[in-house]
Amino acid sequence: MSTEATATMEIERMPSESKALPPKPQFEPLKAHEMSDGRVQFRKVSVPPHRYSPLKKYWMDIYTPIYEQMKVDIRMNLKARKVELKTRPETPDISNLQKCADFVQAFMLGFDVPDAIALLRLDELFVESFEIKDVKTLRGEHLSRAIGRLSGKGGKTKFAIENATKTRIVIADTKIHILGSFANIKIARDSLCSLILGSPAGKVYSKLRQVSARLAERF
Amino acid sequence: MVTPVEAAVESLRQISTEPPVWLVPKQELSQAVRAASKLLFASLKPHCTKSPFDELLIEGFDAEQIWQQIDLQSQPLLSSLRREVKKFEKHPEEISKLKVDVEGGKKKVLEEIETENVVVNDDDDEDDDIDMDEEDEDEEEEGEEKEKGREEESENEGEEKGGIEDKFLKIKELQEYLEEDEAREFGTNKKKRKAETKKHEEDTEDEEEEGDDEENEDDTDEAEEEEEDELGLFGGDDESDEDDLGNARYEDFFSRKKSKDSEDKAKYRDMLEEDSGSDDEHVDKKRKDGLSKHEKELDELRSKIEQMEKANLDPKVWTMRGEVTAAQRQKNSALEVDLDFEHNVRPAPVITEEVTASLEDLIKTRISEGLFDDVQKAPTLSSKAPREVKELDDNKSKKGLAEIYEEEFVQKTDPASAPLTFSDELKKEASMLFKKLCLKLDALSHFHFTPKPVVEDMSIQTNVPALAMEEIAPMAVSDAAMLAPEEVFSGKGDIKEEAEMTKADRKKRRANKKRKFKAKAAKRPRANTSVRNSDEGSKV
């Protein structure tokens with residue numbers, strides 16, 4: 001029977017090939033859940049002690065968009081002092097988990113929730129971190145003065161850079177974190193580096209003005 | 001008995017006639033002379049008819065006044081004498097009638113004549129003091145008066161004019177003297193002079209004689225003498241040969257050395273020419289000075305030539321040497337020389353009053369006109385429209401980053417529905433404020449103001465009495481905007497007062513009240529009400 005089948009099959013195949021191919025199989029994209037063979041994906045973000053109480057304060061603001069819109073499970077492990085994120089079967093895309101993790105990480109770095117939420121909404125936003133000692137080795141009072149120069153009086157220099165370049169900046173002692181799009185990060189970083197190296201704020205302002213004007217002109 | 005004249009003469013003699021004595025005015029001299037002249041005057045008085053003075057007044061008068069008195073007496077006297085002389089000239093035979101004076105007086109007269117000549121020469125070249133001059137004249141005049149006196153005597157005797165030779169003791173001596181004098185003065189050959197002047201000498205002699213006899217006191221007479229001398233000489237020259245003419249020089253006539261020599265003569269003459277050596281010296285000097293013009297010119301030329309040769313031989317002056325450095329010339333020698341070189345710089349203007357005045361006038365006119373020549377900025381033509389300068393905002397942004405990006409995205413995709421930017425809002429606010437301001441200004445300024453149509457806008461109406469509104473803004477606000485009574489009244493229907501109500505109305509009111517209360521009670525959640533139980537009961 002098999003031989004007959006094969007023969008018939010062969011015979012049958014030939015005419016089927018000549019007639020039409022079977023339709024191409026269309027596979028749905030893998031869900032996060034199915035990706036690792038049905039296993040759940042985890043992300044764990046450690047909480048630094050100084051962000052502990054702000055986390056507690058803004059927990060609902062963090063929780064709601066993650067759970068509702070990103071469809072990612074989130075919980076706080078108090079013992080381990082970590083925020084854990086887990087995919088759900090409803091999670092549409094694996095990148096959601098990563099975005100949420102980035103969002104939480106940004107919050108831990110020091111950014112505010114409305115600013116960090118931009119990470120969830122836009123793809124092309126990044127966080128760049130660098131230290132003052134990467135730019136110039138400063139010690140003691142020079143370091144303090146540089147930090148002061150960066151923020152300005154009442155933080156106005158920092159805000160000026162933020163507003164001009166559409167970024168958000170966090171100066172945590174000697175570490176500096178910038179949140180924004182790639183080009184804007186670059187501009188902000190240049191301004192901050194020039195401030196670290198010693199140029200006065202007025203000079204930085206004038207440069208920012210030029211840059212922002214150029215940026216605005218593009219649109 | 002001594003005549004007054006003789007006494008006067010004697011007194012005069014006592015006074016020394018040395019000219020140096022006369023240099024300084026002395027009292028005794030002048031007094032003696034005055035006394036003598038007075039006596040002489042008195043002696044002449046009887047011969048003069050016209051003079052107003054009886055005697056010569058001396059006390060309290062100065063020399064000039066005394067002289068004038070004498071002059072007054074003598075002038076008419078002289079003229080009369082001249083007439084007499086002319087008469088005698090015409091009729092020489094009358095001269096013999098005159099008596100000739102004693103010979104004793106001749107010498108004196110001669111001496112006096114000589115002194116007179118000397119004095120005459122002195123007078124002609126006079127540099128002396130006036131006093132001396134006057135004294136001399138006085139002396140002279142006295143001498144002449146004396147002579148006149150003598151002559152008068154002689155005339156009275158009537159023998160004078162006839163005895164020339166008697167009077168002038170030795171005519172020859174006189175001649176010699178004159179020649180010598182001339183030779184000394186004019187540097188000419190005595191002998192030549194002699195021949196030519198002899199004729200004239202006699203005439204002059206006569207003149208002199210007569211002059212002396214006639215008492216010349218005047219300068220004019222003296223001048224006449226001199227003139228006659230000179231004339232005589234000239235006359236002689238005319239007749240002489242050209243050689244003699246050639247010998248006559250300027251210095252002969254107009255030499256200043258005459259006075260010196262004459263003074264010397266005065267000195268030595270009294271000693272009767274004893275110092276011949278000095279005279280010779282005088283003569284040598286005269287010769288040197290008396291070189292001919294041509295010779296003098298030659299001398300000058302020679303001296304000039306010598307000078308020039310000397311100059312040529314000497315080393316040159318530094319100015320003539322070409323390039324000269326400071327070391328090669330004397331210190332500060334360049335200051336004395338007027339150097340000429342090109343000035344590259346314009347010399348500084350000399351500030352005078354005129355310059356400052358002109359400057360001040362200019363300044364004043366400029367100020368009055370307002371022309372200050374201020375530098376004015378050139379107007380830049382902007383080709384582009386002025387760019388909107390985006391100001392850096394150094395406050396914390398109120399929007400989150402997400403919102404910013406959201407807005408950006410929306411602007412990109414759908415510009416119309418984009419929310420207003422910060423600048424736009426500011427603009428709107430600004431324009432609104434400006435419109436309001438303009439409305440107010442128009443209300444104030446226009447005669448016929450038409451308010452803008454009211455925009456249908458939700459606005460709060462204040463229930464302010466119209467009067468109040470009118471007071472504040474009479475033009476802009478009208479009564480129509482006020483709330484109407486029916487709008488104020490919030491009730492419904494016909495409102496009646498308590499007193500106005502009828503019984504039926506009161507009943508109606510009570511019935512309404514009850515109904516409302518009932519409705520309220522029904523709405524409240526009922527706890528253990530009998531109504532519910534009854535309902536349940538009905539159901540079952």
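Labels below follow one simple rule: chain letters A, B, ... track the order of the sequence lines, proteins then strands, and each chain is numbered from 1. Given the structure is predicted, the values throughout are model-derived calculations rather than measurements.
Contacts between A:Ser181 and chain B at a heavy-atom distance below 4.5 Å involve backbone atoms as well as side-chain atoms. If you measure heavy-atom distances from B:Glu403 to chain A, you find no contacts under 4.5 Å at all. With a 4.5 angstrom heavy-atom cutoff, A:Ile161 does not touch chain B via any of its atoms. Contacts of B:Asn395 with chain A are made by backbone atoms alone, with heavy-atom separations under 4.5 Å and no side-chain atom involved.
In summary, A:Lys99 and A:Asp93 do not engage in a salt bridge, as defined by a charged side-chain N under 4.0 Å from a carboxylate O.
Between the A:Arg209 side chain and the B:Leu392 main chain, no donor and acceptor come within less than 3.5 Å of each other. Between the side chain of A:Asn77 and the main chain of A:Val83, no donor-acceptor pair closer than 3.5 Å is present.
Heavy atoms from other residues, nucleotides or ligands lying under 6.0 Å from OH of A:Tyr58 number 12 at most.
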